[in-house]
Amino acid sequence: MSTTQVRTRFAPSPTGYLHVGGARTALFNWLYARHHGGTFVLRIEDTDLERSTEESVTGILDGLSWLQLTWDEGPGQGGDFGPYFQSERLDIYREYVQELLDGDKAYLCYCTPEELKVRREEALAQGQDPKYDRRCANLSASQRRALQDEGREPVVRFRSSDVGTTEVNDLIRGQITFDNEMLDDFVILKSDGMPTYNFAVVIDDHLMQITHVIRGDDHISNTPRQIQVYEALGFPVPEFAHLPMILGSDKTRLSKRHGATSVTEYRDDGFLPEALVNYLALLGWSYSATDTLFTMEELIEKFSLDRVSRNPAVFDMKKLEWMNGVYLREVEPGRLTDMVMPRLQKEGLVPKTVDGATRARVKQIAVALQTRIRTLDEIVPSSRYFFVDDIEYDPAAVEKFLYRDYVPDMFHVLHDELAKAEPFTETNIEKAFLAVQAKVDRKLGDVIQPVRVAVTGTRVSPGMYEVLAALGKDRTLTRLKTGAQMAKKGLAIHS
RNA sequence: GCCCCCAUCGUCUAGCGGCCUAGGACAUCGCCCUCUCACGGCGAAGACAGGGGUUCAAAUCCCCUUGGGGGUACCA
């Protein structure tokens, strides 16, 4: 075990929202740093001028913050190794590019993207490796001038070795060997003056003193290129750990067509950050044969790279939903009310300004539905009948439970019993029901199910007494009257 | 095409040569609880991709095949 401070980083490119795969990578980096009392760095890799946007940066920052994946250095945090936006580090890259140029470890290349594309396709068509043909590798000064005069903007290419092998020592996969022959002279500085990923990542990871590069295994193939740059510059090579990919249900790379892939989308749909984190932690990592539920603290304590899997993992929405439900059930009533309130307001079910009585009622409803929702958003459809007067009736439910000959009379009796219930509490409501049940001499279910349909419009709801108490006496009595009329009409038509 | 990675129930995984007639979780199904649903409890079904080796012994080690994923950009 080395005594050097562990420093990890998450280095997203701001070309879109924070993807759950990215969040998982961030999480593992964060956990590794926290576990070792190290530093977690956030660096924005915005060298792609075409695709990088300000909104993406904001979205990524928001997503990480929501997940509680706090960074010690990076945007908004500062740090001794900044700037943390690659677009602000251009001078630094140029300096090292020049160093390579001076040492003849890199050279100017004047081939245009179009020319390269044609040559690549030709090579492929002839069954040859589509690597750069090095035609600019040994240009004379006058040749360069001629090309320059044609108006060509050069790129800088790394002069890569094509003999021997490059070894990647991966903490998760062990040693991986690449034939240097496979690597071509890749571009390190684009014609617009921006560095490419494979170059900038090396400079930054070195300068930011990153000790452990933990990233998706789609970067494995890039690693030998990066190692060659480390070596050309005389930088020590950090540790690498390549995480398995996250796939969709069809085993292809997780993308939008598999469903939600954005962290903020999960937030908006009503997932809890601790549930998403717990779920993501289990995608590629496991602690034991039996444990699946972990708090953040436990994750920090138990996380280790040697328990990271090598297999790609399919993102299982069902399991995430289950896990979210588990966390949801643990939420205190007060906090649950706070979480549910804005969603009800957004739907216009609860007014924008909430008085004490309304809040108490929402709390009562939220608690009643707590074991029945898997995401916060589900509160909306499952509680609608508490808030609106023109409830929707499920025809099948009406048919089955309301169109019974004893129902109209029973509803009248129940109506009068409930009218007497004061205060309108669960216990008093239960007394009324038991009295009615005795009077009509039927099973409790035969009393309750018709009432449930009359009151909620459906055959599914929390406990009847709980529902009526939260609904309130007035609405309950009104719906019983309406129900009795519906029952009468229905029975008349049927007979 | 070439290079690299990966391969245990439908899914996430435990397993790191004998403890495995392969364990857990989600999903599925059944039963219990019960005013419905949910929660909870109990139970069932369900996997070592195929073929060769190595070994007294292989899910575990090696090789091949097959399958999946990734890379091969002036994207990251």
Side-chain angles (χ1 to χ4, degrees), chain A residues 11-15 45-48 50-52 86 109 111-113 116-117 120 123-131 153-157 168 170 173 176-179 181-184 186-192 194-198 200-201 215-225 242 244-245 247 249-253 279 282-293 307 309-323 325 329 369-374 382 397 401 433 437 443-449 451-453 456 458-465:
Chain A
S13 69
T15 55
E45 308 213 328
D46 54 350
T47 53
D48 185 344
E50 303 286 308
R51 302 192 301 147
S52 297
Q86 290 191 325
C109 167
C111 302
T112 65
L116 293 168
K117 190 170 175 241
R120 201 177 305 125
L124 227 32
Q126 288 167 26
Q128 289 171 332
D129 287 345
K131 41 190 273 194
E153 290 291 341
V155 300
V156 178
R157 281 185 187 274
V168 177
D170 190 283
R173 287 152 219 274
I176 307 167
T177 303
F178 294 85
D179 280 332
E181 199 188 344
M182 297 313 305
L183 309 177
D184 63 357
F186 55 96
V187 173
I188 57 176
L189 193 72
K190 303 185 236 177
S191 56
D192 64 3
M194 299 301 267
T196 59
Y197 166 71
N198 280 126
V201 75
R215 71 226 307 193
D217 75 12
D218 48 337
H219 288 290
I220 289 180
S221 304
N222 287 322
T223 311
R225 287 174 235 281
H242 288 97
M245 297 271 85
L247 311 176
S249 46
D250 60 355
K251 305 245 184 186
T252 63
R253 198 189 189 123
Y279 178 71
L282 259 22
L283 235 38
W285 174 83
S286 65
Y287 176 65
S288 70
T290 52
D291 298 355
T292 48
L293 264 13
R307 291 204 61 88
S309 157
R310 287 175 299 280
N311 327 346
V314 174
F315 192 88
D316 183 358
M317 192 65 179
K318 282 271 179 287
K319 191 163 184 174
L320 206 210
E321 282 172 353
W322 162 77
M323 196 170 276
R329 272 169 246 135
L369 290 166
Q370 190 163 16
T371 61
R372 281 159 256 255
I373 56 175
R374 299 170 92 83
S382 56
F401 294 107
F433 268 81
Q437 186 200 357
K443 285 191 294 183
L444 226 209
D446 288 334
V447 177
I448 283 179
Q449 274 306 87
V451 176
R452 174 167 281 120
V453 174
T456 71
T458 74
R459 54 212 299 178
V460 171
S461 85
M464 206 64 257
Y465 315 141

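In what follows, chains are A, B, ... by sequence order, proteins preceding strands, each numbered from 1.
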Side chain of A/Leu444: nearest nucleotide among B/rC6, B/rC35, B/rC4?
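The listed nucleotide nearest to A/Leu444's side chain is B/rC35.
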Nearest to the A/Asp129 side chain among B/rC4, B/rC2, B/rU36, which nucleotide is it?
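Looking only at side-chain atoms, A/Asp129 lies closest to B/rC2.
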How far does the [atom1] atom of [N] sit from the matching atom of [M], given to the nearest Å?
N	M	atom1	result
B/rC12	B/rC35	P	40 Å
B/rA47	B/rU13	C1'	12 Å
B/rG50	B/rA58	P	15 Å
B/rU8	B/rC20	C1'	12 Å
B/rA73	B/rC61	C1'	40 Å
B/rC31	B/rU36	P	14 Å
B/rA59	B/rA7	C1'	12 Å
B/rC3	B/rG23	P	40 Å

Gap separating the OG1 atom of A/Thr223 from the CG atom of A/Asp170, nearest 0.5 angstrom:
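Reported value, rounded in 0.5 Å steps: 7.5 Å.
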A/Tyr287 OH to A/Thr292 OG1 distance, which is reported to the nearest 0.5 Å
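A/Tyr287 OH to A/Thr292 OG1: 13.5 Å, rounded to 0.5 Å.
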Assign [X] to base, sugar-phosphate, or nothing according to its heavy-atom contacts below 4.0 angstrom with the strands shown.
X	result
A/Arg459	base
A/Thr177	sugar-phosphate
A/Pro462	base

For [N], which nucleotide is its Watson-Crick or G-U wobble mate, given both distances must be under 3.5 Å?
N	value
B/rC35	none
B/rG18	B/rC56
B/rU72	B/rG1
B/rG30	B/rC42
B/rA25	B/rU11

Nucleotide [N], atom [atom2] - distance to [atom1] of [X] in whole Å:
X	N	atom1	atom2	result
A/Leu293	B/rG24	CG	P	17 Å
A/Gln449	B/rU36	CD	C1'	4 Å
A/Tyr465	B/rU36	OH	C1'	12 Å
A/Arg173	B/rG69	CZ	P	16 Å
A/Asp250	B/rG67	CG	P	17 Å

Side chain to side chain, A/Met464 and A/Phe433, heavy atoms closer than 4.5 Å
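They are in side-chain contact.
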Can any side-chain N or O of [X] pair as donor or acceptor with the backbone N or O of [Y] at less than 3.5 Å?
X	Y	value
A/Arg307	A/Ser286	yes
A/Asp129	A/Lys131	no
A/Asp250	A/Thr252	yes

Residue among A/Arg310, A/His219, A/Arg215 satisfying side chain to side chain donor-acceptor pair (under 3.5 Å) with A/His242
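Of all the options given, the one that passes is A/Arg215.
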For a quick test of reading the model, state the closest non-hydrogen atom pair linking [X] to [Y] and the distance between them.
X	Y	value
A/Met245	A/Asp218	CE-OD1, 3.3 Å
A/Leu293	A/Met323	CD1-CE, 4.0 Å
A/Ser52	A/Thr15	N-CG2, 4.1 Å
A/Val201	A/Gln86	N-NE2, 4.2 Å
A/Arg329	A/Trp322	NH2-O, 4.4 Å
A/Gly284	A/Pro244	CA-CG, 4.3 Å

Output one line per pair: protein atom, nucleotide atom from nucleotides 17-20 of chain B, and distance, for all N/O pairs under 3.5 Å.
none

Confirm from the modelled atom types if A/Arg310 and B/rC6 form a donor-acceptor pair under 3.5 Å, side chain to base only.
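No, no donor-acceptor pair under 3.5 Å.
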Could you list, one pair per line, each protein nitrogen or oxygen that sits under 3.5 Å from a nitrogen or oxygen of nucleotides 40-47 of chain B, together with the distance?
residue: B/rG40; atom: OP1; partner: A/Arg329; partner atom: NH1; Å: 3.4

Testing A/Asn198, A/Leu183, A/Ile176 one by one against A/Pro224 for a side chain to side chain contact (heavy atoms under 4.5 Å, CB included), which residue passes?
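Of A/Asn198, A/Leu183, A/Ile176, side chain to side chain contact (heavy atoms under 4.5 Å, CB included) with A/Pro224 is met by A/Leu183 alone.
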Just by protein heavy atoms under 4.0 Å, how would nucleotides 70-76 of chain B read 5' to 3' in B, S and -?
BSSSBBB
Upstream residue (5' side of RNA chain B) when A/Ile176 and A/Ile448 are each assigned their closest nucleotide
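In this pair, the answer is A/Ile176.
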Partners of A/Tyr279 by ring pair (Phe, Tyr, Trp, His ring centres under 6.0 Å), sequence neighbours excluded?
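Checked A/Tyr279 against ring pair (Phe, Tyr, Trp, His ring centres under 6.0 Å); matches are A/Phe315.
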Ring pair (Phe, Tyr, Trp, His ring centres under 6.0 Å) with A/Phe178: which residues, sequence neighbours excluded?
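Scan of A/Phe178 (ring pair (Phe, Tyr, Trp, His ring centres under 6.0 Å), adjacent residues dropped) gives none.
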Please list, for nucleotides 10-14 of chain B, all pairs of protein and nucleotide N/O atoms separated by less than 3.5 Å.
residue: B/rU11; atom: OP1; partner: A/Lys251; partner atom: NZ; Å: 3.2
residue: B/rC12; atom: OP1; partner: A/Val314; partner atom: N; Å: 3.0
residue: B/rC12; atom: O2'; partner: A/Leu282; partner atom: O; Å: 3.0
residue: B/rC12; atom: O2; partner: A/Lys319; partner atom: NZ; Å: 3.3
residue: B/rU13; atom: OP1; partner: A/Gly284; partner atom: N; Å: 3.0
residue: B/rU13; atom: O3'; partner: A/Ser286; partner atom: OG; Å: 3.3
residue: B/rA14; atom: OP1; partner: A/Ser286; partner atom: OG; Å: 3.0
residue: B/rA14; atom: O3'; partner: A/Arg307; partner atom: NH2; Å: 3.4

